[in-house]
Number of protein chains: 2
Amino acid sequence: MKLQELETACSKSGLKMTGPRKTILKVLVEAEDHPSVDEIYARVKAVDPSVSMATVYRTVNTLDELNLVTKHEFKEGFARFETNTDHHHHMIDVDSGDVIEFTNVELEALKEKIAEELGYELIDHNLELYGRKIKD
Amino acid sequence: MKLQELETACSKSGLKMTGPRKTILKVLVEAEDHPSVDEIYARVKAVDPSVSMATVYRTVNTLDELNLVTKHEFKEGFARFETNTDHHHHMIDVDSGDVIEFTNVELEALKEKIAEELGYELIDHNLELYGRKIKD
DNA sequence: GTAGCTGCAAACTCTTTGCAACTCT
DNA sequence: AGAGTTGCAAAGAGTTTGCAGCTAC
């Protein structure tokens with residue numbers, strides 16, 4: 001999702017496009033990783049030092065509720081965020097902390113099948129793999 | 001895993017079988033749900049009111065490190081625990097908070113395949129489905 | 001003009017930890 | 001005896017919130 005699109009989506013949802021908000025959106029769109037609030041805050045500060053941590057928290061939570069960003073809670077004790085792209089899952093490198101994205105068609109089908117068998121309508125789901133790189 | 005087995009496993013690992021520890025183990029073994037620390041604490045208190053929250057935290061963490069219990073971090077802001085049984089996954093009912101366990105052979109195979117393709121040795125993983133019950 | 005947004009600081013929740021006393025083995 | 005364990009209270013991390021002032025629309 002491009003910055004322009006994101007801003008439009010926010011406006012449509014009734015959000016005011018304020019300075020802090022624009023900066024945060026820009027940081028999120030440009031992020032190629034899965035930054036934590038601390039990391040987002042640092043990147044935002046580099047552009048506009050007046051923005052507060054509270055605003056970063058409020059903004060990412062609002063965006064999450066609007067489904068414009070996705071909040072991830074890996075087993076680290078804090079949340080990470082990314083702008084919504086295609087649906088994918090994560091392999092977390094337990095040594096380096098690297099997060100590798102992957103998609104898998106079979107998995108998407110399988111998860112629907114499992115939910116159906118349990119009598120549930122699927123709203124959200126996530127598969128996290130924790131692994132160690134095989135040396136070659 | 002039975003209480004007896006768990007206690008033996010703890011002793012083998014060099015843990016002393018103290019009063020608080022025994023009570024916590026008993027509560028964990030008898031739990032048929034996935035209790036949070038608060039819930040474990042309440043159940044332990046009902047048996048022995050002198051046990052502290054700190055001890056519950058220390059104990060479940062120790063047991064988790066020994067792989068005698070599994071710590072789950074669903075998207076709720078706190079951890080849940082259960083004694084180790086066969087490997088399974090969870091469907092979380094977003095309306096009631098109920099946690100339904102399920103196993104799936106295809107999934108186990110698929111996750112290994114994915115890890116291999118990414119060049120990783122799988123250490124841990126979890127699939128969480130969040131859904132809403134289909135009325136019938 | 002006004003509803004919504006912001007910064008600040010305080011508060012909150014969950015969890016961890018330092019320490020002196022205590023207890024299994 | 002001695003290492004491990006405990007309760008207590010304080011501290012820690014991450015996150016949320018009340019409020020008065022500010023800003024986009």
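Order of the sequence lines sets the chain letters (A, B, ...), proteins ahead of strands, with each chain counted from 1. Quick caveat, the model's predicted, so the values are computed rather than measured.
Look at CE on A:M53: it is 15 Å from P on C:dA9, rounded to the nearest Å. Per the geometry, CG belonging to A:D48 stands 14 Å off C1' belonging to C:dC5, to the nearest Å. Taking atom NZ on B:K75 and atom C1' on D:dT15, their separation rounds to 17 Å, with Å as the unit. Separating the CD atom of B:E76 from the C1' atom of D:dT15 is a distance of 17 Å, rounded to the nearest angstrom. Rounded to whole Å, atom C1' of D:dT15 lies 11 Å from atom CD of A:E73. For A:R21 and D:dA24, the CZ to P distance is 11 Å, given to the nearest whole Å. The nearest whole Å value for the distance from the CZ atom in A:F81 to the P atom in D:dG14 is 13 Å. Residue A:Y41 contributes atom OH, which lies 11 Å from atom C1' of C:dC8 at whole-angstrom precision.
Comparing D:dC8, C:dC5, D:dT15 by their nearest atom to the side chain of B:S52 picks out D:dC8. Nearest nucleotide to the B:T55 side chain, out of C:dT17, D:dT6, C:dC14: D:dT6. The side chain of A:F78 lies closest to D:dT15 when the candidates are D:dT15, D:dA24, D:dC8. Closest to the A:D38 side chain, of the nucleotides D:dG14, C:dT25, D:dC8, is D:dG14.
When each of A:H72, A:R80, A:E39, A:E101 is tested with A:H34 by the rule side-chain hydrogen bond (donor to acceptor under 3.5 Å, both in side chains), just one qualifies, namely A:E101.
When the side-chain nitrogen and oxygen atoms of B:N61 are compared with OP1 and OP2 of C:dT16, one or more of them lie within a distance under 4.0 Å. Listed pair B:T18 / D:dG4 fails the phosphate criterion, with no side-chain N or O lying under 4.0 Å from OP1 or OP2. Within the structure, every side-chain polar atom (N or O) of B:Y57 is placed at least 4.0 Å from both OP1 and OP2 of C:dT16.
Between B:D64 and B:R58 there is no salt bridge, since no side-chain N of the basic residue sits under 4.0 Å from a carboxylate O of the acidic one. Taking the charged nitrogens against the carboxylate oxygens, A:K133 and A:D98 have no contact shorter than 4.0 Å, which rules out a salt bridge.
Nucleic acid contact class of B:S50 (heavy atoms, under 4.0 Å, all strands): sugar-phosphate only. The residue A:G77 sits close only to the backbone: its heavy atoms come under 4.0 Å of sugar-phosphate atoms, none of a base.
Within 3.5 Å, no donor on the side chain of A:R80 pairs with an acceptor on the base of D:dG14, nor the reverse. A donor-acceptor contact under 3.5 Å links the side chain of A:R58 to the base of C:dG7.
In B:K45, the NZ atom is crowded: over 12 heavy atoms of neighbouring residues, nucleotides or ligands sit closer than 6.0 Å. For A:E117, the CD atom is densely surrounded, since the number of other residues' heavy atoms within 6.0 Å is greater than 12.
For the pair B:V56 and B:K16, both in contact range of DNA chain D, the more 5′-proximal nearest nucleotide belongs to B:K16.
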